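Keep in mind that what you see is a predicted model, and the values were worked out from it rather than measured. Read the numbers this way: they start at 1 and go in the same order the structure lists the ligands and their atoms.
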Amino acid sequence: MTSVEPRVAIDGPAGAGKSTVSRKVAEALGYLLLDTGALYRSIALAARAAGHAWVDQDAVSELARGIAARDGIRFEPSASGAPRLLLDGKDVSTAIRTQEIAEGASQVSAIPGVRDALLELQRSVARAGGVVLEGRDIGTVVLPDAEAKFYLTASIGVRAERRFQELLGRGEQPVLADVERDVRQRDARDTMRPVAPLRQATDAILVDSTNMSIVEVVSEIVARVRAVRDMLASEKTR
Ligand code: DC
């Protein structure tokens with residue numbers, strides 16, 4: 001690799017604060033951010049629009065391969081800061097954020113053909129370095145040789161509460177007990193699936209945010225990435 005800018009992998013379960021933390025880390029470092037969960041959400045949305053059941057492995061794999069082949073998922077900068085997600089040219093940034101599509105994403109992401117279809121896209125975004133990839137299997141499967149890996153987690157109660165607040169903020173009317181049940185179900189599915197299950201890479205740094213503020217989490221990760229970058233730079237000049 002010629003760049004000294006690390007590839008940063010941030011994995012962890014739903015509601016650990018990954019999206020916010022990853023965005024702020026990418027901003028602080030001036031890195032590109034790829035929210036890989038949005039890719040699986042887009043496939044779930046496209047499958048529903050095409051009338052395929054999320055558990056229909058053949059149909060959904062075929063659909064994902066088609067979307068990847070035609071470069072059907074694109075991120076476009078927007079004035080609000082968060083990039084817009086275009087699926088076959090249509091802005092689906094809001095449509096992929098419902099609880100229903102989160103459920104669909106969890107189901108389609110368990111299909112090996114879907115994961116395969118999205119793998120190269122994720123690797124090509126990361127190739128030049130200076131990127132943050134946020135997901136479940138970045139440090140273990142997508143970029144096993146990433147220079148900086150983090151596993152961000154928090155207690156189930158805290159994660160459910162954060163997800164609850166997030167849904168409230170979007171104008172939904174969630175019930176906390178239901179949100180907690182959904183978080184548990186997604187955790188179980190994400191960690192127990194046979195392909196690319198959610199787990200901490202052996203060389204990832206564990207960050208438990210149960211009793212940490214977003215600012216503390218971000219500054220810890222940014223400091224560690226800077227240390228890695230300095231090390232890479234000094235190796236290069238040696
Ligand atoms: O992070 P998120 O809630 O947007 O992710 C939606 C679903 O996609 C989640 O249930 C797990 C799955 N996912 C995955 O399997 N691998 C990734 N790299 C990212 C997300």
Side-chain angles (χ1 to χ4, degrees), residues 7-23 26 33-48 54-55 57 60-61 64 67-68 73 75 82-83 85 87 92-126 131-144 146 149-154 156 159-160 162-167 170 172 174 179 181-201 204 209:
R7 293 164 299 165
V8 182
I10 303 183
D11 292 305
K18 260 183 312 158
S19 308
T20 311
V21 165
S22 301
R23 196 183 65 242
L33 170 67
L34 178 62
D35 163 14
T36 63
L39 305 177
Y40 293 96
R41 288 170 180 262
S42 301
I43 300 299
L45 188 72
R48 203 189 47 185
W54 288 324
V55 290
Q57 301 220 357
V60 182
S61 300
I67 290 175
I73 302 176
F75 292 88
L85 185 93
L87 175 62
V92 294
S93 320
T94 310
I96 60 165
R97 293 293 157 202
T98 65
Q99 244 176 313
E100 193 204 348
I101 294 300
E103 172 61 28
S106 179
Q107 293 191 24
V108 302
S109 68
I111 302 175
V114 170
R115 305 201 72 87
D116 266 3
L118 298 177
L119 194 56
E120 192 42 41
L121 191 162
Q122 297 172 74
R123 288 187 176 154
S124 64
V125 169
V131 288
V132 176
L133 264 68
E134 180 225 316
R136 302 290 194 288
D137 63 336
I138 308 304
T140 52
V141 175
V142 178
L143 303 174
K149 296 183 185 179
F150 300 91
Y151 190 83
L152 183 59
T153 190
I156 183 98
R159 290 192 289 120
R162 288 182 188 155
R163 197 56 126 190
F164 174 76
Q165 293 297 340
E166 191 185 320
L167 292 167
R170 276 195 218 124
E172 296 190 28
V179 175
R181 188 202 54 218
D182 288 349
V183 170
R184 278 185 199 280
Q185 276 176 1
R186 281 221 281 157
D187 277 5
R189 197 180 300 119
D190 295 346
T191 52
M192 278 162 0
R193 69 181 173 217
V195 276
L198 168 67
R199 64 181 170 80
Q200 183 184 349
S209 72

(message) Any atom of ligand 1 sitting under 4.0 Å from a heavy atom of Arg115?
(response) yes
Where is the nearest protein heavy atom to [atom]: which residue, which atom, and how far?
{"atom": "atom 12 (C) of ligand 1", "answer": "Ser109 OG, 3.5 Å"}
{"atom": "atom 20 (C) of ligand 1", "answer": "Gly37 CA, 3.5 Å"}
{"atom": "atom 8 (O) of ligand 1", "answer": "Tyr40 CB, 3.7 Å"}
{"atom": "atom 19 (C) of ligand 1", "answer": "Thr36 OG1, 3.4 Å"}
{"atom": "atom 4 (O) of ligand 1", "answer": "Arg41 NE, 2.6 Å"}

For ligand 1, indicate whether the residue [X] contacts it via side chain, backbone, both or neither (heavy-atom separation under 4.0 Å).
{"X": "Glu103", "result": "neither"}
{"X": "Asp190", "result": "side chain"}
{"X": "Arg186", "result": "side chain"}
{"X": "Gln107", "result": "neither"}

(request) Determine the minimum heavy-atom distance between Glu172 and Arg97, stating which atoms define it. (result) OE2-O, 4.4 Å
(message) Tell me the closest heavy-atom pair linking Ala117 and Ala68, and the distance in Å.
(response) O-CB, 3.4 Å
(message) I'd like to check Arg23 versus Thr20 (side-chain heavy atoms, cut-off strictly below 4.5 Å). Are they in contact?
(response) yes
Main-chain N/O of [Y] paired to [X] side chain as donor or acceptor, under 3.5 Å:
{"X": "Lys149", "Y": "Pro144", "answer": "yes"}
{"X": "Arg159", "Y": "Ala154", "answer": "yes"}
{"X": "Arg123", "Y": "Leu143", "answer": "no"}
{"X": "Arg162", "Y": "Ala16", "answer": "yes"}

(message) With respect to Gln122, determine whether any N or O atom, backbone or side chain, lies less than 3.5 Å from an N or O atom of ligand 1.
(response) no
